[in-house]
Structure formats: structure tokens, C-alpha cells
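Some notes on the structure that comes next.
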Amino acid sequence: MDQVKRINNLFKFAFRVISIIFCASLIYANFFNCHKLVFAETVDTKIDLNNDGKAEIVKFNQGVISISLDNGKVIFTKDEDKNVYRHIAFIKDKKIGDTKILIQSKTKDTSGTLSYSIYKMDGSQLKEIVHKEDIYKGVIKVQNSTDIVEDVPVYSNGNSNAVPTFTVKNYFTLQDNKLVLIKTEKLSYASSNSNINSSVYYKNPTHAEIEKILEDVAYEKGIPAEIFKAIAWQETKGADKDNNYITNWRQFSNGQPLIGYDHIGIGIMQVSDYDPNDTAYINRLKYDIEFNIRQGAEILLVKWALQNSSPTWKTPKVGDASPVYLEHWYYAIWAYNGYASINNPATNHAKAYQTIVIGHVNNVFNTPMLDLYVYKPSLFVAGVYPRTDIEEISGKHAGDFRIKDKSYKYITTTNLTIRDINNNTTGSFNKNDVVTIKAYPVTKASYVRYYVEGYGKSGYVVGNWIRPIGDANKDRVVDIYDFVKQSKNINSQGTVVNDANRISTESSDVNMDGVVDIRDIALAAVNYNFSMYRNNITN
């Protein structure tokens, strides 16, 4: 028995030694890796930031960083900014040898503007020692544990936003709390799609087919078609080898989704605001042209609505802010690419995004539109984001503005105020109320408003926050994905709508007969426009 006991003890001791070695190896590996310039979305670790033998607690999650001392005292916090993608890395100073924190931010607009800061521990305080901002579509790449490579696009006249002509690589090393430039390289840019091997080749539709989708979505969403087409043109125009190398809007390049230079923007309108972990949504942006364009329209409408926002985010309202007039969209166009100083015409007029888009409206789509900076330069000041509403401008131009009314039942996506024709509040609808559009919309206070009825109430509501019945997956368009989702909910003769499941099922009860069944799928199909790109796939 003693012999067996000794053997058991030896096994336990050996297991403990192996466990200690294994844990130590993990700690070493994690410590070593965290000193490489590898950006992470989430960090929760202890690390000695000032070489004093005491580890600080670093937590980083969803863009929020918190650093605490071992006693729990918080010495640094940086709040989340929902308008940027934010990542963290650790980097060593080549001369001093201590560990610094690097936080990078990328805006979620199509400019993908990069900013980053490097922080060092100074006693019990964290201090910023390096700050760089307004790097248009900039990317930070890994060189080694002490060096940074800034990769920046260089655009020539005629480039789309997605594809530059050159890239400039700036190589820096962190030394004595400063970034020291080592060298600079200028290289020709080759699309990341050029070497992709895939068994499926995706073809772009013709110029006319894509233009039809853009116009239909613009009419439906209350956006002047020229504005919408010009933005899409600037984002992805280029020689399209699927259509005899004519200049065309492009969803695909070399048979694969066209991804922007900084690996964020996707497809025709370079949609850049999405959850990077939502694979299903990202795949729809990549392969479904109409869906991508619709998402671009929703983003543009959000930028349009900034004129009614709080002072922090507000953009100027032009005149009465009627969306019919092209000049009233000046600041929404600016904001689509990024309401940032890089697009301020007072310092960068010729290359400002809105200047280029207005050029397309005039010269590509043959519609006159005034450039507000040329019209009145005093509206703009270098280094200042305009926030003040401006008076009505003379010589404004009406665009190709129509409203496509589907004569269809809709569901509210939030609590909605009801107003009369004079914009006075008369009541409200609750979230998930089903309403029927009864008249063509009007434009009031910068919004397209629909006259609806439901639950004994009627009046005008903002069109941005109602969606069609049959839109089961809540992406604001009725399509094949909704049919699939609805079909999964059909049991035997259908699912009866009752108080327990009303919120989750009533939006799919298209014919309002109290049962979600095959008839609802058939009715939803009436409004489904088959995405033309599906006819352009070759194996």
C-alpha cells in the first residue's frame, strides 16, 4: 500500500510540475505576443507598463479602455466612440525598453479616417506621447515589436474611393518616447482581389442594370437620383472587364467582391459601418448588389438626418431642408465620406469628397448643382466643422426626386410621433404597430413623411422608421431571405398570431388574417425584386 501511495504521490507531483510549466509557457507566450504590434478588439491582462515590477490591469472591450493599479484604483479610462472601430496593441520603446499602449481608431464612414495615440506610464498616470489623426483610409501594419508601418493611399484624378493609384509606406520606430521616421516607400497599388482563387466568378451587371437599381432605391427612399448615383460613382467607378472595360459602378473586381483599400468598405457604395463579426450581414453586402445599395441609402439618410441632431453631431440645414433640391444635400454628401477636416473645402476644396461628387452630378449625370463653397466661401472656416444653419440659397436646382409608394402595410420600428400637415403633434404610434399608407408623402422639417392610418389614428409619420410587412428579418426590404425566415415559422396549417407571440409574428402576417402561413409568403413575393446579380454568376 505504501508503494502504491508513493507512486500516486509521484504522479500528483509530476502533474503539478507539468501544469506549472504549461501555465508558465502560456504566460510567456501571451506576454511575448502582447509586445508584438498585434491589434486586438478585446484585452483583459496584467502587464508592467513602467518597469517598476508592479503589473497594471489593462481591460479593453468594445472600444472602452480601463487601466487600474493592483489595488483597484482606476488611473485611466477612455470611453467608447460608436462612430469608430477602435483596437489596442502593446509596443516596446526601442531605447527605453518599457511597454507602451497604442490605441487606433478608424471612422465607420467611407473615408475610413485613421487616428492613433501612444500612451506611456508616468508614475501612476498614463500620458499621451504620440497622437496622429486624419490619415485618410490609413492602415497601420506590423513591422516588429518596436516599429510601426503607416500605409496610406495616394489618389489620382479619376480614381474611385475604393482603389487608389499608389500607396505610401512610412516606416517608424518608437524610440525615446517619439516616433522616428526610418524610411518612406511609394508603390503602385494592386487590388487585393487580383490574386484570389475561387471556383465562383461573380460578374457585374451592365451599366444600365445597375443604374436602374440605384434609381429605384433613390426614388423609394426619397433621395435625388443624381446625388445617389454620383456618390456610388465616386465610391466604386472603374474599368469593368465584365462589360468590355467600360467605366461602370462595380460590386465585383476580378470576379470577387470589391473591397476598399483599407479592407473595410464593401461593394458598390463601399458600406463601412457594420459589425465585423456579423458574417451573414457582411456576405450579403459582398454578394447582393441591391442589398448593398439599400444599406448605402440607409446610411446616407442617417447622415441627412444629422441636420436635426444635437449640437455635437449636427450638420447645417440649408434653407427649408427640402430633399428635392440638390444643394440641400451638400453636408449629407460630406458626412457620407466622413464629416472630417479632410473634407473641409476651406483647406482642401479640390480634393474634398463633396466637391468631387458635385463634379460627377454636373459632368457625368449632366445635372446642374451648385458647389456651396464656390457659391459662398464665407460659410466655411479652416479647422472648423460647420454647425450653423444657413439661409436659403438662390439658384438652387431640383433633382430627379420621386417617391415610390408601394401601397402596402407597414410596421413601426420605434415609438413614432403622429403629425398633421402643418407638422403639429397629434398623437403617437407604439413600436410594432401595423399601419397602412393612405396617401403620397410630403416633405416636412427635413423628413419624408407618410400619411398612415391604424388603431383608429391617422396622420404623418417619418418614413425612415416604418418598414414593410413581410420584412421578417428587419432589413427594410422584402426578399428571398424573408421567405426563408417566414417558412421556418410555419407549422402545419400555419402559426396563429396570439398575445404571446404577437410582437415576433404579427409583422409576417401580410394579409392580416391572424395566421402566418404560405399565403403571406405569396403576398410578400409581390414586392420582391429579384437581385439581378444572381443572373451574372458563372462557375
Side-chain angles (χ1 to χ4, degrees), residues 109-113 136-137 153-166 207 210-211 214-215 217-218 223-240 246-250 258 260-261 265 268-270 272 293 296-297 299-300 303-304 315-316 318 323-380 382 385-386 390 393-401:
D109 44 59
T110 64
S111 72
T113 303
Y136 192 86
K137 280 194 173 293
V154 177
Y155 293 89
S156 303
N157 290 336
N159 284 151
S160 70
N161 204 34
V163 183
T165 300
F166 301 101
H207 184 281
I210 298 176
E211 187 167 37
L214 287 163
E215 288 177 347
V217 172
I223 302 167
E226 302 92 340
I227 296 287
F228 198 51
K229 290 190 291 186
I231 290 174
W233 192 252
Q234 179 53 30
E235 292 299 334
T236 54
K237 71 180 185 298
D240 182 7
I246 66 167
T247 303
N248 193 14
W249 297 277
R250 295 176 299 163
L258 177 59
Y261 164 79
I268 282 181
M269 292 193 69
Q270 287 293 282
S272 303
I293 289 171
I299 292 169
L300 182 59
K303 306 302 183 181
W304 168 262
T315 57
V318 182
V324 172
Y325 296 102
L326 303 178
E327 288 77 11
H328 292 181
W329 288 83
Y330 182 90
Y331 295 98
I333 298 170
W334 179 347
Y336 187 85
N337 184 247
Y339 203 57
S341 60
I342 197 167
N343 289 322
N344 190 331
T347 53
N348 196 30
H349 177 247
K351 294 184 178 180
Y353 182 82
Q354 64 274 21
T355 302
I356 297 171
V357 169
I358 291 169
H360 297 331
V361 172
N362 281 277
N363 302 318
V364 179
F365 302 104
N366 302 313
T367 303
M369 177 181 179
L370 296 175
D371 183 332
L372 291 195
Y373 180 76
V374 175
Y375 172 80
K376 194 173 184 179
S378 61
L379 294 172
F380 306 92
Y385 302 137
I390 64 177
I393 62 176
S394 60
K396 62 188 179 183
H397 301 89
D400 184 8
F401 180 88

Query raised in the report: Name the one of Y330, Y331, F380 that satisfies ring pair (Phe, Tyr, Trp, His ring centres under 6.0 Å) with Y373?
Result: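 Exactly one pass, corresponding to F380.
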
So, for [X] and [Y], which heavy atoms are closest and what is the spacing to 0.1 Å?
X    : Y    : value
I268 : E235 : O-CB, 3.4 Å
G265 : S272 : CA-OG, 3.5 Å
A218 : F228 : CB-CD2, 3.9 Å
L326 : E226 : CD2-OE1, 3.9 Å
S111 : G338 : OG-CA, 4.1 Å
Y339 : P316 : OH-CD, 3.4 Å

Report task. Output all residues satisfying salt bridge (charged side-chain N to carboxylate O under 4.0 Å, His left out) with D371, sequence neighbours left out; order by chain, then residue number. Result ->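 Expected list: none.
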
**Report entry** Residue list, salt bridge (charged side-chain N to carboxylate O under 4.0 Å, His left out) with K137, at least two apart or on another chain
**Finding:** D262

Side-chain contact test, heavy atoms from C-beta onward, threshold under 4.5 Å: evaluate it for [X] versus [Y] and give yes or no.
X    : Y    : answer
H397 : L370 : yes
V163 : R250 : yes
N344 : W334 : yes
V318 : L372 : yes

Straight-line distance of [X] [atom1] to [Y] [atom2], nearest 0.5 Å:
X    : Y    : atom1 : atom2 : value
I390 : H328 : CD1   : NE2   : 8.0 Å
Y336 : I227 : OH    : CD1   : 13.0 Å
S160 : I356 : OG    : CD1   : 11.0 Å
T355 : N348 : OG1   : CG    : 8.0 Å
N248 : K237 : CG    : NZ    : 12.5 Å
L300 : I333 : CG    : CD1   : 7.5 Å

Requested in this report: Classify the ring geometry between W249 and F365 as parallel (under 30°), tilted (30 to 60°) or perpendicular (over 60°).
Outcome: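 Rings of W249 and F365: parallel, under 30°.
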
Query raised in the report: Relative to each other, are the rings of H360 and W233 parallel, tilted or perpendicular (30° and 60° limits)?
Result: perpendicular

Between [X] and [Y], do the side chains contain an N or O donor and an N or O acceptor separated by less than 3.5 Å?
X    : Y    : result
T110 : N337 : yes
N161 : Y136 : yes
Y261 : Q270 : no

Query raised in the report: Is a donor on one side and an acceptor on the other found under 3.5 Å between the side chain of H349 and the backbone of T347?
Result: no

Query raised in the report: Between N343 and Y353, is there a donor-acceptor pair closer than 3.5 Å when you use the side chain of the first and the backbone of the second?
Result: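 Yes: the side chain of N343 pairs with the backbone of Y353.
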
Query - Qualifying salt bridge (charged side-chain N to carboxylate O under 4.0 Å, His left out) pairs, either residue in residues 327-337, two or more places apart - result: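 Qualifying pairs: none.
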
